[in-house]
Amino acid sequence: MGAQNTFQIFVFMSCIFLIGATSASSLKVGYYKYKKCANAEEIVKGVVSKFVLKEPGLGAGLIRMFFHDCFVRGCDASILLDASTLNPNPEKLAIPNNPSLRGFEVVDAAKSALEYACPGIVSCADIIAFAARDAAGLLGNIPYQIPSGRLDGKISNASEVLPALPAPFHNLTQVKALFAAQGLSATDVVALSGAHSIGRSHCSSFTSRLYPNIDPTMDQGFGASLRTKCPQNAQVDGVVPQDFVTPNALDNQYYKNVADLKALFFSDWSLLTSTETANLLSKFQTVPKLFEAKFAESMVKMGNIGVLTGTKGEIRTSCRAVNSI
Ligand code: HEM
Ligand SMILES: *[C@@H]1O[C@H](CO)[C@@H](O)[C@H](O)[C@H]1NC(C)=O
Ligand SMILES: *[C@@H]1O[C@H](CO)[C@@H](O)[C@H](O)[C@H]1NC(C)=O
């Protein structure tokens, strides 16, 4: 009897949870199953796997692309629009994206495969969301479902990028404020920063911590080794891995690196500067499963930012250009 009551309460609570979860956004898991493109997610996954298994860095690029898309005008694929006569200065040309953002060719290949299989059905915004999810599955063994049904936007403006995105020299107050502006919490900041356990950075993103002095918030030996890879006044902007220990694994090594003062950015270090974020950091460091669960949850949450539905967007034919009127 007691057990049955407990069960009924559980079912009741689950229903409340489900209602809450779906009303948070108009997106649906498996959206394209109802839209005559039942294999959409498998098609994207096939393309992403092909590229990422050959070049893991592209997986990092795709996860960062999702972040940079969602933080500017919502997850609307505005990051993908090329410069055109009508719009000479799109988001992708802004400093945080150019020349560092990568993975555009993966999205193009997925879009071609989808247009072949089911023309005009799958949005570029959803392709980015699926591709980032698939990259997390491949590099992190972090599988999760992501709701879809986003439409593509028609506006992309480079001058909106810098004010919306956190910078590597930002302190925790600044990073938290930019996440809060998107409806994301301090937990989301810490969980999503775990993406800095994969991929690379250009030297220019952190050399201010190396010269003239190695930042006291950085391990001095780590700083000395970064100086050899990023010489002062170098002719070319070199690249180094975000995580020197497991560079291609989306894992909790990032949190150990931060605690050891061996992360690249001041913004990474700044996670140690509040009790709330420092506590999360040490939890993610000791319980990898917790990191994986929170990372997935925060990626889904990020995927709900400013999504376009109904008549507010379109499904682009080419991800690089708005449909002509
Ligand atoms: C918390 C504030 C954040 C700051 C200040 C920041 C800043 C940066 C910077 C400066 C780079 C190096 C770019 C370059 O020089 O090549 C980078 C790389 C990267 N970031 Fe972040 N980021 C933040 C949060 C995030 C989030 C939320 C994600 C995704 C969930 C993310 C994913 C990545 C990835 C995967 C890379 C490597 C990209 C590649 O290898 O192509 N970052 N980030
Ligand atoms: C881009 O945004 C800036 C700042 O909000 C604005 O001044 C400019 O007119 C916009 N450019 C386009 C092409 O809409
Ligand atoms: C963070 O940076 C802002 C802008 O430079 C500054 O006003 C603020 O005092 C800083 N906060 C902390 C906690 O260092």
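Numbering of ligands and ligand atoms starts at 1, following listing order.
- Neither the backbone nor the side chain of His170 has any atom closer than 4.0 Å to an atom of ligand 3 (non-hydrogen atoms only).
- In this structure, the side chain of Arg150 engages the main chain of Pro147 through a donor-acceptor pair within 3.5 Å.
- By the 4.5 Å heavy-atom criterion applied to side chains, Ser193 and Val190 are not counted as neighbours.
- With ring centers used as reference points, Phe222 lies under 6.0 Å from Phe244.
- The CH2 atom of Trp269 sits 8.5 Å away from atom CZ of Arg209, with the distance rounded to the nearest 0.5 Å.
- With contacts defined as side-chain heavy-atom distances shorter than 4.5 Å, the pair Phe169/Ser270 does not qualify.
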All N/O donor-acceptor pairs, side-chain side in residues 56-66, below 3.5 Å, sequence neighbours left out:
| from | atom 1 | to | atom 2 | distance (Å) |
| --- | --- | --- | --- | --- |
| Arg64 | NH1 | Ser100 | OG | 3.0 |
| Arg64 | NH2 | Pro96 | O | 3.0 |

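- Under 4.0 Å from any atom of ligand 2, one finds heavy atoms of residues Asn157, Ser159.
- Between the Gln220 side chain and the Asp215 main chain, a donor and an acceptor come within less than 3.5 Å of each other.
- Ring centroid separation for the pair Phe284 and Phe295 does not come in under the 6.0 Å cut-off.
- Nearest heavy-atom pair, Met299 versus Ala132, reported as atom, atom and distance to 0.1 Å: CE-CB, 4.0 Å.
- Residues passing the ring pair (Phe, Tyr, Trp, His ring centres under 6.0 Å) test with Phe265 are His196, sequence neighbours excluded.
- Listed by chain and number, Ala60, Gly61, Ile63, Arg64, Phe67, Ser100, Arg102, Pro166, Ala167, Pro168, Val175, Phe179, Leu192, Ser193, Ala195, His196, Ile198, Gly199, Arg200, Ser201, His202, Ser205, Gln242, Phe265, Ser267 each place a non-hydrogen atom less than 4.0 angstrom from ligand 1.
- Contact atoms of ligand 3 toward Thr173: 11 (N), 13 (C) (distance under 4.0 Å to a heavy atom of the residue).
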